[in-house]
Number of protein chains: 2
Amino acid sequence: MNIGQAAERSGVSAKMIRYYESIGLIPKTVRTEAGYRVYSDTDVHTLKFIRRARDLGFSVEQIGVLVSLWQDRGRESTDVKRIALGHIHELERKIAELRSMAETLKHLAQHCHGDSRPECPILDELAGEDHLHNCAKRDGKILASAPRGPRKNKVTSHS
Amino acid sequence: MNIGQAAERSGVSAKMIRYYESIGLIPKTVRTEAGYRVYSDTDVHTLKFIRRARDLGFSVEQIGVLVSLWQDRGRESTDVKRIALGHIHELERKIAELRSMAETLKHLAQHCHGDSRPECPILDELAGEDHLHNCAKRDGKILASAPRGPRKNKVTSHS
DNA sequence: CCTTGACCTTCCCATGATGGGAAGGATCAT
DNA sequence: ATGATCCTTCCCATCATGGGAAGGTCAAGG
């Protein structure tokens with residue numbers, strides 16, 4: 001079958017199938033004389049595998065490992081489990097980060113009247129004007145402050 | 001002060017300050033004769049505002065609105081609150097999506113022995129081989145399946 | 001046989017926010 | 001004057017994905 005059929009059946013777009021081939025996640029396919037890519041049911045099976053792994057948030061790099069383990073009859077399930085656990089850890093880290101943001105914002109929004117007056121604790125907090133409502137700070141994690149790497153300027157005193 | 005100082009004091013990298021200027025999030029600064037950007041304490045204040053908003057996960061586009069509201073004395077706090085609530089909603093949507101992935105994976109990992117044997121429910125699930133463990137599916141949302149848009153091929157029967 | 005339309009090919013560009021790094025000019029302290 | 005440290009602009013890379021153009025292919029119908 002051609003790439004369109006394979007895309008339809010696997011749920012992976014033709015664009016992405018070509019991309020996966022270009023980065024080596026899947027091997028280069030057989031081509032017709034005219035240069036059309038040709039896929040088998042087995043190829044579609046592999047593509048479905050890849051799509052499900054993507055749906056679970058695995059990166060393309062991780063999927064490369066998973067695919068090769070999947071096709072390796074002598075694999076050890078501990079290898080697969082390690083990848084899965086690592087990914088779960090990463091997902092939970094992201095969840096915690098997002099939740100921290102959401103919590104902070106919810107506290108701020110609770111204290112914002114949300115009417116036609118200009119007073120707004122949300123903007124006050126963003127502005128760092130501590131002279132007003134700072135209740136949210138008692139939560140200990142206002143401003144989730146994603147690790148943006150250390151600043152290491154050595155500016156001394158000019159200007 | 002120069003851009004390095006402004007970056008250090010605001011916590012926004014010099015790279016990002018230039019980027020924010022290029023996309024119009026902040027206005028073009030005054031320059032010295034030599035072309036160096038010059039920043040005031042007020043500018044640093046604005047940059048801090050932006051950094052805090054970024055730390056809360058607001059997009060640059062949203063921040064643009066927040067900054068203009070912040071600087072608008074006649075603003076209505078309801079506008080700010082609406083943006084904040086919308087963002088909270090978006091954060092919670094992402095959290096739910098990630099949590100769904102993590103839950104599914106945890107179920108699968110629980111049933112994977114993780115030893116030297118090749119049997120692996122995780123791979124089996126990704127492969128769609130339903131003849132084994134399908135307990136995770138009873139959760140109703142195995143495979144978060146991000147909406148990938150409908151396929152609308154009209155291929156009829158060739159191949 | 002030729003047209004039409006749906007398909008395929010490759011190539012380039014865009015996303016969003018960020019960093020890396022090169023080439024070259026400016027400033028500053030010694 | 002020299003070297004260190006700044007600054008400038010410009011290009012490239014990330015990650016997974018889609019859009020779209022220009023052009024080739026194929027099957028069906030006139």
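Just so it is clear: chains get the letters A, B, ... in the order the sequence lines come, proteins before strands, and each one is counted from 1. Heavy atoms only: backbone and side chains are in, while hydrogens, waters and symmetry mates are out.
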Base versus backbone protein contacts along nucleotides 9-15 of chain D [heavy-atom cut-off under 4.0 Å; B, S, -]: BB-----
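Residues that satisfy the side-chain contact (heavy atoms from CB on, under 4.5 Å) test with Phe49(A), not counting sequence neighbours, are Leu66(A), Val67(A), Trp70(A), Leu123(B), Leu126(B), Ala127(B). With sequence neighbours excluded, the residues satisfying side-chain contact (heavy atoms from CB on, under 4.5 Å) with Lys94(A) are Glu90(A), Leu98(B). Scored by the side-chain contact (heavy atoms from CB on, under 4.5 Å) test, Arg9(A) finds Met1(A), Gln5(A), Asp41(A), Val44(A) as partners (sequence neighbours excluded). With sequence neighbours excluded, the residues forming a side-chain contact (heavy atoms from CB on, under 4.5 Å) with Asp115(A) are His113(A), Arg117(A), Ser77(B), listed by chain and number.
Taking for each of Tyr36(B) and Phe58(B) the nucleotide of DNA chain C with the nearest heavy atom, the 5'-most of the two is the partner of Phe58(B). Toward the 5' end of DNA chain D, the nearer of the two residues Met16(A) and Ala14(B), judged by each one's closest nucleotide, is Ala14(B).
Listed by first and then second residue, the side-chain hydrogen bond (donor to acceptor under 3.5 Å, both in side chains) pairs involving residues 24-36 of chain A amount to none (not counting sequence neighbours). For residues 104-113 of chain B, the salt bridge (charged side-chain N to carboxylate O under 4.0 Å, His left out) pairs, not counting sequence neighbours, are Glu92(A)-Lys106(B), Glu103(B)-Lys106(B). Pairs passing the salt bridge (charged side-chain N to carboxylate O under 4.0 Å, His left out) check and including a residue from residues 62-78 of chain B, sequence neighbours excluded, do not occur.
Computed from C1' positions of five pairs at each end, the angle between the two local axes of the helix from dC1(C)-dG30(D) to dT30(C)-dA1(D) equals 30°, rounded to 10 degrees.
Between Tyr20(A) and dT17(D) there is a side-chain polar atom (N or O) within less than 4.0 angstrom of OP1 or OP2. Within the structure, a side-chain polar atom (N or O) of Ser13(A) is placed less than 4.0 Å from OP1 or OP2 of dG18(D).
Atom CD of Glu8(A) is separated from atom P of dC7(C) by 9 Å (rounded to the nearest Å). In this entry the distance linking CD of Gln62(A) with C1' of dA16(D) reads 14 Å, nearest Å. If you take CG of Asn2(B) and C1' of dG25(C), they are 14 Å apart, rounded to a whole angstrom. Rounded to an integer number of Å, the gap from CG of Leu56(B) to C1' of dA17(C) is 16 Å. Going from atom CD1 of Ile17(B) over to atom C1' of dA17(C) covers 15 Å, rounded to whole Å. The distance from atom CD1 of Ile23(B) to atom C1' of dA17(C) is 9 Å, rounded to the nearest whole Å. Note: CE (Met1(B)) to C1' (dT27(C)) measures 18 Å, nearest angstrom. Atom CZ in Arg51(B) sits about 16 Å away from atom C1' in dA17(C), given to the nearest Å.
Checked by atom type and distance alone, the side chain of Ser100(B) never pairs as donor or acceptor with a backbone atom of Ala96(B) at under 3.5 Å. Side chain of Arg99(A) to backbone of Ile95(B): no donor-acceptor contact under 3.5 angstrom is found.
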